[in-house]
Chemist: 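Starting off with a structure, shown below.
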Amino acid sequence: MNDIGKVILGIAIPFLGTTLGAAMVFVLKGEMKPRLQKSLLGFASGVMIAASVWSLLIPAMEMAEAAGGIVWLPAVAGFLLGIGFLLLLDVLIPHLHLDSDRPEGRPSGLGKSLMLVLAVTLHNIPEGMAVGVVFAGMLQGGSVISAAGALALSIGIAIQNFPEGAIISMPLVGTGLSRRRAFCYGFLSGIVEPVGAILTILLTSLVTPVLPYILSFAAGAMFYVVVEELIPEAQSGVHSNLGTIGASFGFALMLLLDVALG
């Protein structure tokens with residue numbers, strides 16, 4: 001398979017994870033059990049934290065070192081910019097988190113279902129960027145990011161996208177939507193990932209020297225999502241230990257994928 005084929009496959013895999021997760025609305029009856037939901041949220045947070053470190057920050061520092069620059073500068077600057085970018089989106093875009101009746105972002109007349117979808121869409125923006133920038137690094141050549149390493153990130157994000165797709169679609173049925181419409185909303189929430197990945201690849205190909213900064217930017221954006229949303233939701237109320245266990249398994253799985261495939 002040539003490089004273009006690998007890029008297309010790498011972009012498609014995470015989107016497939018979200019789609020299959022959203023399709024669980026046709027398989028599972030009723031709402032998702034709190035124990036399962038907390039386990040899956042924790043798992044997703046573990047995957048994203050591990051991906052931020054091994055797939056994004058460490059390659060960014062290795063690239064800076066190979067270029068003879070200040071090793072820590074792209075990692076720190078890009079990481080903080082990524083957090084700032086997601087913070088800005090969080091403040092501006094109206095959205096609603098699971099198990100919450102209080103919308104966040106700018107006041108709007110949007111319905112509850114749409115704001116739930118927007119909350120998940122915010123999660124998916126940094127994930128799409130992460131996949132795009134890693135494959136951009138692979139296309140650039142060199143030994144820092146291999147095709148196997150880029151694929152490992154895609155698989156890891158796809159695995160955590162599966163429960164995320166289910167977590168958004170199942171509650172939508174509880175709000176009165178039909179299963180078909182709930183699936184469509186879950187499906188649409190994942191479209192931002194391939195779009196974000198493609199735009200990131202195009203941007204990085206035009207401005208190659210900023211690749212370490214964009215890697216770190218994606219890491220900061222993912223870290224923001226984990227700390228701001230996934231961990232609080234996984235640790236709220238009872239069964240918080242399941243969120244911790246899920247995060248541990250997610251982190252370990254992403255570490256395994258990165259070492260085994262990268």
Side-chain angles (χ1 to χ4, degrees), residues 14 41-64 69-98 100 102-106 115 117-137 145 153-154 156-157 160-161 164 189-190 192-193 195-197 199-201 203-204 207 209-236 243-244 247 250-251 254-255 258:
L41 285 168
F43 179 84
S45 66
V47 168
M48 291 178 72
I49 290 173
S52 296
V53 176
W54 271 278
S55 299
L56 299 170
L57 288 174
I58 290 178
M61 290 185 285
E62 290 176 347
M63 286 181 180
I70 302 174
V71 175
W72 54 266
L73 182 59
V76 173
F79 184 81
L80 294 177
L81 285 171
I83 289 178
F85 176 69
L86 258 291
L87 176 60
L88 180 63
L89 292 183
D90 209 18
V91 171
L92 294 179
I93 297 178
H95 59 284
L96 180 66
H97 297 297
L98 292 170
S100 175
R102 185 177 180 181
E104 296 184 11
R106 299 183 66 179
M115 286 197 289
V117 173
L118 286 174
V120 176
T121 302
L122 284 174
H123 292 184
N124 291 337
I125 290 174
E127 293 167 15
M129 290 183 61
V131 171
V133 73
V134 166
F135 276 94
I145 300 177
L153 177 64
S154 290
I157 290 180
Q160 71 95 20
N161 275 353
E164 199 169 73
S189 73
V192 69
E193 284 197 21
V195 172
L199 291 177
T200 303
I201 290 173
L203 172 64
T204 308
V207 197
V210 303
L211 180 57
Y213 289 90
I214 300 179
L215 282 163
S216 304
F217 183 95
M222 290 178 69
F223 190 81
Y224 178 89
V225 169
V226 172
V227 176
E228 170 71 11
E229 300 174 14
L230 296 184
I231 290 178
E233 290 172 5
Q235 295 294 322
S236 63
T244 303
F251 190 95
M254 193 62 216
L255 174 59
D258 192 83

Chemist: How close do Ala221 and Pro126 get, heavy atom to heavy atom, and via which atoms?
Modeler: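 Smallest heavy-atom distance, with atoms named: CB-CB, 3.3 Å.
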Chemist: Sorted by first residue and then second, give each side-chain hydrogen bond (donor to acceptor under 3.5 Å, both in side chains) pair with at least one member in residues 69-82; sequence neighbours left out.
Modeler: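 For residues 69-82: none.
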Chemist: To the nearest 0.5 Å, what is the distance between CD1 on Ile214 and CD1 on Ile201?
Modeler: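 It is 11.0 Å, given to the nearest 0.5 Å.
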Chemist: Evaluate the criterion side-chain contact (heavy atoms from CB on, under 4.5 Å) for residue pair Phe217 and Leu56; output intermediate values, then yes/no.
Modeler: CA-CA 9 Å; Phe217 183 95; Leu56 299 170; over 6 Å; no
Chemist: Kindly assign one of parallel, tilted or perpendicular to the pair Trp54 and Phe251, based on the angle between their ring planes and the thresholds 30° and 60°.
Modeler: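 Ring orientation of Trp54 relative to Phe251: perpendicular.
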Chemist: Locate the shortest heavy-atom distance separating Leu153 from Ala130; write the atom from each residue and the value.
Modeler: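 Closest heavy-atom pair between Leu153 and Ala130: CD2-O, 3.6 Å.
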Chemist: Give, for atom CG of Leu215 and atom CE of Met129, the distance between the pair rounded to the nearest 0.5 Å.
Modeler: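 That separation rounds to 9.5 Å.
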Chemist: Counting C-beta onward and ignoring hydrogens, is there a side-chain heavy-atom pair between Leu203 and Val210 closer than 4.5 Å?
Modeler: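 Sidechains of Val210 and Leu203: no contact.
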Chemist: Minimum heavy-atom separation for Gly156 and Val47, please, with both atom names.
Modeler: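 Heavy atoms only, the tightest pair is O-CG1, 3.4 Å.
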Chemist: Is a donor on one side and an acceptor on the other found under 3.5 Å between the side chain of Ser216 and the backbone of Pro74?
Modeler: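 Checked: pair present.
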Chemist: Evaluate Phe135 against Ser154 for side-chain contact (heavy atoms from CB on, under 4.5 Å), listing each step before the verdict.
Modeler: CA-CA 10 Å; Phe135 276 94; Ser154 290; 3.2 Å; yes
Chemist: Using every non-hydrogen atom in the two residues, find where Leu211 and Met63 come nearest and quote the distance to one decimal.
Modeler: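 Taking Leu211 first and Met63 second, the nearest heavy atoms are CD2-CE, 3.5 Å.
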Chemist: Can a side-chain donor-acceptor contact be found between Ser45 and Glu229 if the only test is distance below 3.5 angstrom?
Modeler: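 On atom types as modelled, these side chains do not qualify, holding no pair under 3.5 Å.
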Chemist: Might you point out which heavy atoms bring Glu228 and Asp90 nearest each other, and give the distance in Å?
Modeler: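 Heavy-atom minimum between the residues: OE2-OD2, 3.4 Å.
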Chemist: Hey, what do you get for CD1 (Ile157) to CG (Asn124), rounding to the nearest 0.5 Å?
Modeler: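 These two atoms lie 9.5 Å from each other.
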Chemist: Hey, are the side chains of Glu127 and Met48 touching, using non-hydrogen atoms and a 4.5 Å cut-off?
Modeler: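 Yes, at least one pair of side-chain atoms sits under 4.5 Å.
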Chemist: Report the C-alpha separation of Ile58 and Glu62 in whole Å, then their side-chain angles, then the decisive distance to 0.1 Å, and conclude whether the side-chain contact (heavy atoms from CB on, under 4.5 Å) test is met.
Modeler: CA-CA 6 Å; Ile58 290 178; Glu62 290 176 347; 3.6 Å; yes
Chemist: Roughly how far, to the nearest 0.5 Å, is CG of Leu118 from CD1 of Ile93?
Modeler: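 One finds 7.0 Å between CD1 of Ile93 and CG of Leu118.
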Chemist: So for atom CZ, which belongs to Phe223, do other residues, nucleotides or ligands contribute more than 12 heavy atoms lying within a distance under 6.0 Å?
Modeler: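 Counting other residues, nucleotides and ligands, CZ of Phe223 stays at 12 neighbours or fewer.
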Chemist: Could you tell me whether the side chain of Gln160 reaches within less than 4.5 Å of the side chain of Met254, counting heavy atoms only?
Modeler: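 No, their side chains stay 4.5 Å or more apart.
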Chemist: Calculate, to the nearest 0.5 Å, the distance between atoms CG and CG belonging to Leu81 and Leu87 respectively.
Modeler: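 The CG atom of Leu81 sits 12.5 Å away from the CG atom of Leu87.
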Chemist: Got a second to check how far Leu89's CG is from Thr121's OG1, nearest 0.5 Å?
Modeler: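 Nearest 0.5 Å value for the CG-OG1 distance: 11.5 Å.
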Chemist: Might you work through the side-chain contact (heavy atoms from CB on, under 4.5 Å) test for Val225 and Leu122, ending with a clear yes or no?
Modeler: CA-CA 8 Å; Val225 169; Leu122 284 174; over 6 Å; no
Chemist: Do Thr244 and Gln235 touch side chain to side chain, with heavy atoms closer than 4.5 Å?
Modeler: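 They are in contact (side-chain heavy atoms under 4.5 Å apart), so the answer is yes.
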Chemist: Can you give me the closest heavy-atom contact between Ile83 and Gly220, atom names plus distance?
Modeler: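 That closest heavy-atom pairing would be CG1-O, 3.3 Å.
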